[in-house]
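Structure, as C-alpha cells:
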Amino acid sequence: PGWVLALRNGLSNLGLPDEFLERLFSRWAGSGSGQRLEIPQARGSVDAVAGQAFFIPLYELFLTYGGIFRLNFGPKSFLIISDPDIAKHILKNNSRAYSKGILAEILEFVMGKGLIPADGELWRVRRRAIVPALHQKYVAAMINLFGEASFRLCEKLDAAASDGEDVEMESLFSRLTLDIIGKAVFNYEFDSLTHDNGIVEAVYVALREAEMRSTSPIPTWEIPIWKDISPRQRKVSEALKLINTTLDDLIAICKRMVEQEELRFHEEYMNEQDPSILHFLLASGDDVSSKQLRDDLMTMLIAGHETSAAVLTWTFYLLSKAPEVVAKLQDEVDSVLGDRSPTIEDMKKLKYTTRVINESLRLYPQPPVLIRRSLEDDVLGKYPIKRGEDIFISVWNLHRSPKHWVDAESFNPERWPLDGPNPNESNQNFSYLPFGGGPRKCIGDMFATFETVVATAMLIRRFNFQIALGAPPVEMTTGATIHTTKGLKMTVTAISSGAPKEDQQDEISTAAHQSQQVTG
Ligand code: HEM
C-alpha cells in the first residue's frame, strides 16, 4: 500500500540501508492478495514496435493491456503510461521522484545541461532565471515577429502560386519557425526562408542527429574509435562547433549592448531593438557560466523550433481534409483581422483559430511521448515500482483514448466550446496535456500557441491549400516530434479579394495543375 512505501522512502531518506529496508518491508509487498501486484507485461511486443513510428503500436498495446504496462525491448524494460491519473502523479503530484532519464543522456551532446535535460537544483535555478524572460510585454512583441515571418512565407507562397508550382509545406514550416525562434531567443537572423547558409545547415545536422539518437536501438556514437572516424559523427562535431562559436559571438555582442544601454532592469524589462530572451538574461545580471547559457539557448532553439513546425504541418494536413473548418477559419480571420497584421489583442478574438490549434495538438501531440526515470520506489495506480524504472508517458494514447474522448480519431475543433476556457492539462485533468504539466511544463506554451495561431491565420486568409495531385501519401515517422515520411506537398492557390473560396477550390487547383503541366 502507498503508506508503506511512503514510510519506506522516509526511512531510506533518513539513511537506513536499502537491504535492511528490503527485508523489513518485503512482507507488506502486495499485501491483501498475499502476492506482489505485477504490472501487466505486453507480449510479442518487440516485433510489433520495430520498423514504424513507435507510438503507433503502443496505442494498440494500450487498448489490450490498459493504462500501465511493461514493455521489454531487448535487455531494456519500459513502463508505458496512458492513464491520466498516473500521468498526473508522475508529472505533478510526485514530480520530485522522477528525472528525465534516457532523454537527458541522449540529448547531452547537443543540449548539455540546458533546461530540458537538467534535473534537481540546477534545473530549479535555471528555470527561475529563464521563465521571467517570457513576460507579457515580450510575448506581445513576439506577435509582430510572428506576423513578419509569416508575411515572408506568404510572399514565397505567392510566387509559387503564380508559377503554378507545388510546395513542400513541412520544410517551409520548419524554416518559418527556425527564423522566428532564432530572433526570439538570441536575436539571430537565420533568414532560412530566403536562403541556405552554413549555420542553418549546422542546426539541421544537429537536430537530425538528436532525432536519430532518440530512435536508434544501438548507440554507435558512443563507440570510442567509431565516434572519431565516422564521417557522420565528424560532421556532427563540426556543426556543433559552428553553432557554439556563433552562440559565443551572439552572447559577446549582446553583452556589449547591455553594457552600453541606459535602460534599468525591471520585471517587464525589454530592449525594443533586441527583445530576445538572451538580452533579458544578460540584463538581469544572470550569474551563469557561458557554457550553461549556451546550453540553455541551444535547448530553447531546439524546443521551440521543430515542435511549432510540426504543429503547423499537421494542422495544415488536417485542414486539407476539412473544408468546412477552413471556411469557418477564413470567416473568423476576415472579420477579426481583415488585411491587418495581428496584434496581441487579436489573440483573444481569434477563438476558432485557437480551437483548431488545440485540436491539432490533441491529434498530433509534439512530442508524442514524455520520458521519465523513477529516482525512488513509488506506487503507480495500484502497482509498486522500483527506483530506476524508465517510463514513457504516451501523450498520443492519452489524447486518443476512447475512454476520454467522443470520436477520438476525428478532427473536430467544435469539441472545444468557443466560450469555454482554453483547454489545458489542469482543466482536462491530464487527459489533454499538449505542453506537459507540473513543474516541468513547457515555458513556451503561450508563445507557441500565438505563433501557430498567427501563422495559420495569415496563411489561411491569403491562400487555399490542397494536397498536391500525385503527392506521396502523408504518413508519420518520428524523431522528437512527429514528421511526415515524405513531406507535405501542397498546391497553393491565392485568394484574391472577392474571389471564390473553398467551394470552388477543386476547379482552381485543377487549373493550377494544368498550367503547371503546360509551363513545366
Ligand atoms: C517543455 C511542448 C514550444 C521551451 C515542453 C514539454 C512539452 C512541450 C510537452 C514538456 C516536456 C516534458 O515534460 O518532458 C511544446 C510544444 C511547443 C513548444 C507542443 C510548440 C507548439 C516551445 C517554445 C519554447 C519551448 C516556443 C521556447 C521558447 C520549452 C522548454 C521546456 C519545454 C525550455 C523544458 C521546461 C522544463 O523542463 O522546465 N514543451 N513546446 N517550447 N519547452 Fe516546449
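Every number for a ligand or one of its atoms is a count from 1 in the order of the listing. A quick note: this is a predicted structure, and the numbers were derived from the prediction, not measured.
Counting protein heavy atoms only, atom 11 (C) of ligand 1 is closest to Leu370 CD2, 3.9 Å. When only non-hydrogen protein atoms are considered, atom 40 (N) of ligand 1 lies nearest to Cys442 SG, 3.1 Å. In terms of protein heavy-atom proximity, atom 20 (C) of ligand 1 is nearest to Ala448 CB, 3.3 Å. For atom 31 (C) of ligand 1, the closest non-hydrogen atom on the protein side is Ile116 CG1, 3.6 Å. For atom 30 (C) of ligand 1, the closest heavy atom belonging to the protein is Ile443 CG1, 3.9 Å. From the protein, the heavy atom lying nearest to atom 35 (C) of ligand 1 is Arg127 NH1, 3.4 Å.
Which parts of ligand 1 touch Trp123 is read off a 4.0 Å heavy-atom cut-off, strictly below it: atoms 36 (C), 37 (O), 38 (O). Within ligand 1, the atoms closer than 4.0 Å to a non-hydrogen atom of Pro434 are 2 (C), 9 (C), 19 (C), numbered from 1 in the order shown. Atoms of ligand 1 found under 4.0 Å from any heavy atom of Gly436, numbered from 1 in the order shown, are 9 (C). In summary, the atoms of ligand 1 found under 4.0 Å from a heavy atom of Val311, numbered by their order in the structure, are 21 (C). Using a 4.0 Å cut-off to heavy atoms of Gly304, the atoms of ligand 1 that qualify are 22 (C), 23 (C), 24 (C), 26 (C). Set against the non-hydrogen atoms of Leu115, the atoms of ligand 1 under 4.0 Å away are 33 (C), 36 (C), 37 (O), 38 (O). The distance from ligand 1 to the heavy atoms of Phe447 drops below 4.0 Å at these ligand atoms: 26 (C). Close approach to Arg372 involves these atoms of ligand 1, each under 4.0 Å from a residue heavy atom: 12 (C), 13 (O), 14 (O).
Checked for salt-bridge contact, Lys92 and Glu425 miss the test: no charged N lies under 4.0 Å from a carboxylate O. Under a 4.0 Å N-O distance rule, the pair Arg415/Glu359 qualifies as a salt bridge. We find that Asp179 and Arg175 are not joined by a salt bridge, their nearest charged nitrogen and carboxylate oxygen being 4.0 Å or further apart.
Put simply, CD on Glu189 and CD1 on Ile199 are 13.5 Å apart, with the number rounded to the nearest 0.5 Å. Considering OG of Ser308 and CZ of Phe447, their distance stands at 7.0 Å, rounded to 0.5 Å. Interatomic distance, His404 NE2 to Tyr432 OH, rounded to the nearest 0.5 Å: 15.5 Å. The CZ atom of Phe435 sits 5.0 Å away from the CG atom of Leu361 when rounded to the nearest 0.5 Å.
Under 4.0 angstrom from ligand 1, the non-hydrogen atoms of Ser308 come from both its backbone and its side chain. In Phe435, the parts holding a heavy atom less than 4.0 Å from any atom of ligand 1 are both the side chain and the backbone. When non-hydrogen atoms are compared, ligand 1 lies under 4.0 Å from the side chain of Lys100 (C-beta onward) but not from its backbone. Residue contacts with ligand 1 for Arg440 involve both N, CA, C or O and side-chain atoms from C-beta outward (heavy atoms, distance under 4.0 Å).
Scanning Thr307, Ile90, Ile277 for the heavy atom closest to atom 17 (C) of ligand 1 points to Thr307. Counting only non-hydrogen atoms, the option in Ala309, Ala303, Pro439, Pro367 that gets closest to atom 22 (C) of ligand 1 is Ala303. Looking at Met300, Glu306, Gln366, it is Gln366 that brings a heavy atom closest to atom 2 (C) of ligand 1.
Within the 4.0 Å heavy-atom cutoff, His305 does not count among the residues contacting ligand 1. In this structure, Thr299 falls outside the shell of residues with a heavy atom less than 4.0 angstrom from ligand 1.
Ring geometry, Tyr65 versus Phe69: the interplanar angle falls from 30° to 60°, so the pair is classed tilted.
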From CA spacing to verdict: ring pair (Phe, Tyr, Trp, His ring centres under 6.0 Å), Tyr204, His305: CA-CA 11 Å; Tyr204 282 110; His305 168 210; 5.7 Å; yes

Evaluation steps, ring pair (Phe, Tyr, Trp, His ring centres under 6.0 Å), between Phe280 and Phe265: CA-CA 9 Å; Phe280 179 97; Phe265 186 77; 5.1 Å; yes

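In summary, the side chains of Asn358 and Arg355 do present a donor paired with an acceptor at a separation below 3.5 Å, with no hydrogens or angles considered. At a cut-off of 3.5 Å, with distance as the only test, no side-chain donor of Asp296 or Thr299 sits close to an acceptor on the other residue.
A cation-pi geometry, defined here as NZ or CZ lying under 6.0 Å from the six-membered ring centre and within 45° of its normal, holds between Arg400 and Tyr364.
Each of Ile371, Ile90, Ile86, Ile80 was checked for a side-chain contact (heavy atoms from CB on, under 4.5 Å) with Ile391, and the lone residue meeting it is Ile90.
At under 3.5 Å, not a single nitrogen or oxygen of Lys441, backbone or side chain, sits near a nitrogen or oxygen of ligand 1.
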